[in-house]
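Have a look at the structure below before the remarks.
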Amino acid sequence: MDFSSKKAVRNQLAGEGLRPKKGLGQNFLTDESVLSDIVSAAELDADSCVLEIGPGMGVLTRELAKTAGKVVAVEIDTTILPVLSKNLAEFDNVSVINQDILKVDLDALFTEHFGDRPVKVIANLPYYITTPIIMKLLEHSRIASIVVMIQREVARRLSAKAGSKDFGAITLAVDYRAVAEPVRDVPPEAFMPAPKVWSSVIRLVRREAPPVTVLNEKHFFDLIKGAFSQRRKTFVNSVGSYPALNTNKEEVKAILETLNISETVRGEALDIEAYANISNEMVKGM
Ligand code: SAM
């Protein structure tokens, strides 16, 4: 049976009286080559425990269920569940959970379904919440790798180098926890309906240890947020007025001077090591 052509997607939705919900980022994948590239990037075997976010009608879920040991798929849209369960009827290794991924207690979910085994996350993400989802996933040390389809522009930011225009707070936050590897770019025509922008599949592999030593992680992440909170301003001006850091411009200038960093530097010109050094120096003085 055909599950992934544009016609199949249209017919299945129509059969339930449904239309793709823009507000939930419903762009369904209709390109077999992309499906197989996602599955191979995830390097699955019969022992793999997979969390899929947003299974939709289950095109990707079906491919995951064929190779992985167990798949848990979290879908927010209740109306799509009848189509999803029809399309997954032949698999006994998939559990569908009707919830908002941002509200799910991942620790509890992993323990219930996967015991204490490592977890791989695989998803064609809803683009309106790409960043919060990735940030939430990176907080969980049980997640060993993440293969996701996201907007191409965001994918470029995740693997950007310091000093480039794509470099930002998310680049540093991801770099601290994981190594980002591009898998492939995907044109709008690979989806039904077609999104306005190109997409990319990327793979994030959790680092065993962060690439820098940080004395206080909360402060380090607040410093990053502060530095990029006002992009047009210098590092000193943005950080010096960022409330969570409870500091001021003079203090920030003095710390940059101690570390031999120019006081006119901008946040996007500093690499992860510089952020760690600045944060550690600020924490020492607290
Ligand atoms: N996996 C399907 C595919 O590849 O064709 C659908 C992908 S579609 C880009 C994103 C899916 O995420 C939709 O099914 C949407 O309903 C679901 N979704 C949106 N927001 C969500 C949330 N907060 N939690 C869980 N699922 C969500």
Side-chain angles (χ1 to χ4, degrees), residues 2-13 16 18-42 44 50-66 68 71-88 91 94-106 109 113 120-137 140 146-155 183-202:
D2 170 22
F3 289 95
S4 60
S5 70
K6 291 194 171 36
K7 196 170 149 209
V9 168
R10 231 178 273 124
N11 287 346
Q12 288 215 51
L13 284 174
E16 295 292 325
L18 299 173
R19 302 168 123 245
K21 296 187 179 63
K22 255 195 191 165
L24 291 181
Q26 289 186 348
N27 300 99
F28 300 104
L29 194 50
T30 54
D31 183 320
E32 303 263 344
S33 81
V34 179
L35 279 173
S36 75
D37 287 346
I38 293 177
V39 175
S40 23
L44 300 176
V50 173
L51 167 67
E52 188 195 3
I53 298 163
M57 283 185 277
V59 265
L60 177 57
T61 325
R62 290 178 54 83
E63 297 311 309
L64 302 173
K66 287 176 196 168
V71 180
V72 172
V74 177
E75 172 58 59
I76 198 172
D77 183 8
T78 312
T79 66
I80 212 163
L81 298 184
V83 183
L84 181 60
S85 53
K86 240 184 255 168
N87 291 348
L88 297 177
F91 300 99
V94 182
S95 305
V96 172
I97 297 184
N98 185 203
Q99 267 194 56
D100 177 346
I101 188 65
L102 293 177
K103 297 195 179 139
V104 170
D105 177 345
L106 287 180
L109 181 138
H113 293 272
K120 295 185 170 189
V121 177
I122 301 162
N124 171 14
L125 285 181
Y127 293 171
Y128 73 106
I129 43 170
T130 306
T131 308
I133 293 178
I134 292 181
M135 298 312 289
K136 174 167 179 166
L137 298 175
H140 283 267
I146 303 172
V147 174
V148 276
M149 173 104 71
I150 56 179
Q151 305 91 310
R152 185 173 62 179
E153 178 207 334
V154 179
V183 175
R184 63 167 288 177
D185 288 344
V186 180
E189 312 82 77
F191 303 87
M192 215 298 291
K196 289 206 176 74
V197 294
W198 273 66
S199 304
S200 293
V201 178
I202 56 147

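As the structure lists them, so they are numbered: ligands from 1, and atoms in each ligand from 1. We count residues from 1, following the sequence as given.
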Margin query: Closer than 4.0 Å to some heavy atom of Val59 - which atoms of ligand 1 meet that?
Written below: 3 (C), 5 (O)
Check: Do you know which two heavy atoms are closest between Pro55 and Thr61, and how far apart they sit?
Finding: CB-OG1, 3.3 Å
Notebook entry, point to check: Which of the numbered atoms in ligand 1 are below 4.0 angstrom from a heavy atom of Val74?
Noted result: 25 (C), 26 (N)
Next item on the list: Just go through Ile101, Ile150, Leu24 and tell me whose heavy atom is the nearest to atom 15 (C) of ligand 1.
Entry: Leu24
Notebook entry, point to check: Looking at atom 8 (S) of ligand 1, what's its closest protein heavy atom, distance included?
Noted result: Gly25 O, 3.4 Å
Check: Near Gln26, which atoms of ligand 1 are under 4.0 Å from a heavy atom of that residue?
Finding: 13 (C), 15 (C), 16 (O)
Item checked: ligand 1 N/O within reach of Tyr128 N/O, cut-off under 3.5 Å -> yes
Margin query: Can you tell me how far apart CD (Gln26) and CD1 (Ile80) are? Round to the nearest 0.5 Å.
Written below: 4.5 Å
Notebook entry, point to check: Taking Asn124 for the side chain and Pro126 for the main chain, is one N or O donor matched with an acceptor at less than 3.5 Å?
Noted result: no
Margin query: Can you report which non-hydrogen protein atom sits closest to atom 16 (O) of ligand 1, along with the distance?
Written below: Glu75 OE2, 2.6 Å
Next item on the list: May I ask you to list the atoms of ligand 1 that are less than 4.0 angstrom from any heavy atom of Gln99?
Entry: 24 (N), 25 (C)
Next item on the list: Under 4.0 Å from a heavy atom of Asp100: give me the atoms of ligand 1 that qualify, with their elements.
Entry: 22 (C), 23 (N), 24 (N)
Note to self: Between Lys6 (side chain only) and Thr30 (backbone N and O only), is there a donor and an acceptor less than 3.5 Å apart?
What the structure shows: no
Next item on the list: Identify, by atom number and element, the atoms of ligand 1 in contact range of Glu52, meaning under 4.0 Å from any of its heavy atoms.
Entry: 1 (N)
Next item on the list: Would you confirm whether Lys136, through its side chain, and Ile101, through its main-chain N or O, come within 3.5 Å as a donor-acceptor pair?
Entry: yes
Next item on the list: For the pair Asp2 and Lys7, find out whether any cationic side-chain nitrogen is under 4.0 Å from an anionic carboxylate oxygen.
Entry: no
Notebook entry, point to check: Are Val96 and Leu84 close enough that some pair of their side-chain heavy atoms sits under 4.5 Å apart?
Noted result: yes
Margin query: Below the 3.5 angstrom mark, is there an N/O of Met57, backbone or side chain, next to an N/O of ligand 1?
Written below: no
Next item on the list: Between Ile76, Ile122, Asn124, flag the one that comes closest to atom 21 (C) of ligand 1 by a heavy atom.
Entry: Ile76
Margin query: Is it true that, when you exclude Lys22 itself, more than 12 heavy atoms of the residues, nucleotides or ligands shown sit nearer than 6.0 Å to its NZ?
Written below: no
Notebook entry, point to check: Which part of Phe191 is near ligand 1, with near meaning a heavy atom under 4.0 Å away: side chain, backbone, both or neither?
Noted result: neither
Notebook entry, point to check: In ligand 1, which numbered atoms sit nearer than 4.0 Å to a non-hydrogen atom of Leu125?
Noted result: 9 (C)
Check: At a 4.0 Å threshold, what atoms of ligand 1 neighbour a non-hydrogen atom of Pro55?
Finding: 1 (N), 2 (C)
Margin query: Considering both backbone and side-chain atoms of Leu29, is one of its nitrogen or oxygen atoms within less than 3.5 Å of a nitrogen or oxygen in ligand 1?
Written below: yes
Item checked: Step-by-step side-chain contact (heavy atoms from CB on, under 4.5 Å) determination, Val39 to Leu60 -> CA-CA 8 Å; Val39 175; Leu60 177 57; 4.3 Å; yes
Next item on the list: Mark yes or no for whether Arg62, through its side chain, and Asn87, through its backbone, hold a donor-acceptor pair below 3.5 Å.
Entry: yes
Next item on the list: Determine whether the side chain, the backbone, both or neither of Ala123 has a heavy atom under 4.0 Å from any heavy atom of ligand 1.
Entry: neither
Note to self: What protein heavy atom lies closest to atom 1 (N) of ligand 1? Include the residue and the distance to one decimal.
What the structure shows: Gly54 O, 2.8 Å
Notebook entry, point to check: Just by modelled atom types, is the Thr79 backbone N or O under 3.5 Å from a matching donor or acceptor in the Glu16 side chain?
Noted result: no
